[in-house]
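All values below come from the heavy atoms of this structure, side chains included, with hydrogens, waters and symmetry mates left out. Chain identifiers are assigned alphabetically (A, B, ...) following the order of the sequence lines, protein sequences preceding nucleic acid strands; residue numbering begins at 1 within each chain.
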Amino acid sequence: MADIAHAEGESFGLLQELEHILESDPLIDEIGFIHPTQLAALNGEVDVDSLSEPVSLNFFSKDHKLGISTQILFPLYEQAKKAFFDVVTRYKIQGGIFDSPNTRDELEVGVMKHSKALLLLSADLGTAWNSRRAIALEKDALSTYMDELRLSELILSYSAKSDQAWSHRRWVIKRIAGKVPNLQEILRKESELVEKIAERSKMNYRAWNHRCWLVSYMTAGEVLYELKKSKAWAGLHVADSSCFHYRRRLMMRILEAFCSRNASASNKSNEIYETWKELAWNEILIKRYIGREALWLYRRFLSLHWLRHFTMEPDSVSCKSKHTANTSDDGPSIFLDNELHLFSSCSTIPDNDFDDFQAQAMHSATYILWLAKQLPRPQAIELREKLNIGDMKALLSKLCPQRSFLWDSLEG
Amino acid sequence: MKITALLVLKVNPDGSDPVILSNASDVSHFGYFQRSSVKEFIVFVGRTVAKRTPPGQRQSVQHEEYKVHSYNRNGLCALGFMDDHYPVRSAFSLLNQILDEYHKSFGDSWRSAQADNTQPWPYLNEALTKFQDPAEADKLLKIQRELDETKIILVSIQPSILSSLLICLVHMNGCLSQHKTIDSVLARGEKLDSLVDKSSDLSAASQMFYKQAKKTNQCCTLL
């Protein structure tokens, strides 16, 4: 650090202060950009005698939380950017050939140190992430990879939707996948991290996408475990469609295991049972949370998934019959009758409009129409006979008149 | 998290700022540095909404994925900050219950309250935890004729006007739903920006969060 200040003759005081804090506390897990008055207030609460250093005007660091005053953000960023690009240019110019191991170490340390500070201020700077990956690849040490996970988690604490931070995690996991004995534990922690972040940062598609990606590394047993464990959370966050997308991914993975040649009978009945449970649970949620589109979209997936069983081998059907006590012929009919019943209960709009009954009616009507289109011909006809298309048209025109061109084209 | 905060306030008929009688909030799912600001905003929004909830009326205020429900019963007002999809009926039956319990515990002593009360009320803290799952609130649901007689219509505000704090009022008793902008909802020439500026409930840090959120229009806004 001293050499930079000396060489450029500029002041890098803020950067030095930040990097000193980062080095003295490698376990920092949260960062915030705070108003100077808030920083002063936080510093005021600290017991001055217990500190080894004087209280800073620009930074707050306690209990592994780092606060940076908004007043110095811009000069700090300028310093970090300059320092980083200087050192990374010098590193690249060497072309992989260094005068001595010391030079190489010094440059690597410089790149890692300055890129870390810079990324805390500008989370999506690709050059900084790339340089970290290049050096991590060189070192190829587990401790370095774990450091990368820790850094990206820190960055996600303030920039939860940062694409670079999420894909960095995937890169690390791919690197360590074959090399660590406790991969499953790491995956589990990743899954929990996503849930923790999704709690704070709603509608975070990237977080859930990351969680879906993890599924490809899971065994069938782990997938079932995940399905169970994340159910309670999903039930309390019914607006989060990405969460149900994740459940869809889990169910598809179970289906893959089911379809594979090595699948045992118990796997098959597991899969059927899980689908049936999800359907029943989805129905409970639909009735409790009126008019939530994410629930209805999830139901579309589940219905098709369920109906698929009836077109599969007979022995899969006999497994199912344990739970539903029906013959294979009746299975689809019983299911469709249930869906019709659900539709008619959802399409009555009571007088009081505490809840969004109109949206509920809308979603149930479009759902049943969509379902009719997915069915093979004989069952589609059966369903349409039971539905009164004329009434349906009237209902949809009333609920959603701006799409009357769609409802008019329904065959009555 | 389904419920972020539950408040009980005394609403004065003369239109002065409501007094906070009890406040239970859970801000643990917010970032470490945001928590103090969130608490301030809860107090600010609570006071602002309660002040504009006439006696005997219920209101729901929509902001992004949160709803603030408010019920003023003869000057004693209960407020709940809930997730957008917390069923409205469950929310109001909970607020009803809170007012009943408050009367049982404190009688009419609240009528003479002049300053905010910072003493915790154990029942409210327990309610905050217990009713996170709306299924629990549904169990409270008795046939309440007064609830059925009123209609609650939710109105939302164009995002262009506000990104960090939206208030929409709800009219009752037979009105068809009307979409009102915030200007027609706040009284005669009031603007939310100036309310935020003038409010003694909000520190400089909180006002900074508010303005930042407005400018960047991020999803990670405060309330």
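Without hydrogens or angle criteria, A/Glu30 side chain to B/Tyr32 main chain gives a donor-acceptor distance under 3.5 Å. The backbone N or O of B/Phe33 sits nowhere less than 3.5 Å from a side-chain atom of A/Lys65 that would complete a donor-acceptor pair.
The 12-atom threshold is exceeded at NZ of A/Lys231, counting heavy atoms of other residues, nucleotides or ligands nearer than 6.0 Å. By the 6.0 Å contact criterion, CD on A/Gln71 is open, its count of non-hydrogen atoms from other residues, nucleotides or ligands being 12 or less. Residue B/Arg35 qualifies as enclosed at atom CZ: its count of foreign heavy atoms under 6.0 Å is above 12. The neighbour count for A/Lys229 NZ, taken as heavy atoms of other residues, nucleotides or ligands under 6.0 Å away, is above 12.
Looking at A/Leu42, only its side chain comes within 4.5 Å of chain B, counting heavy atoms on both sides. Proximity to chain B (any heavy atom under 4.5 Å) is restricted, for A/Arg292, to the side chain, taken from C-beta onward. For chain B, the nearby part of A/Leu66 is the backbone; its heavy atoms alone come within less than 4.5 Å. For A/Ser157, no part sits under 4.5 Å from any heavy atom of chain B, backbone or side chain.
In terms of non-hydrogen atom pairs under 4.5 Å with chain A, the most contact-rich of B/Ser203, B/Ala91, B/Pro87 is B/Pro87.
Atom CD of residue A/Gln38 and atom OG of residue B/Ser37 lie 5.5 Å apart, to the nearest 0.5 angstrom.
Taking both residues in full, the closest heavy atoms of B/Ala205 and A/Thr37 are given as N-OG1, 4.0 Å, listed atom of the first, atom of the second, then distance. Nearest heavy atoms, A/Ala239 versus B/His85: CB-ND1, 3.4 Å. Minimum heavy-atom separation, B/Met208 to A/Ile34: CE-C, 4.4 Å. Of all heavy-atom pairs spanning A/Leu236 and B/Lys2, the tightest one is O-NZ, 2.9 Å.
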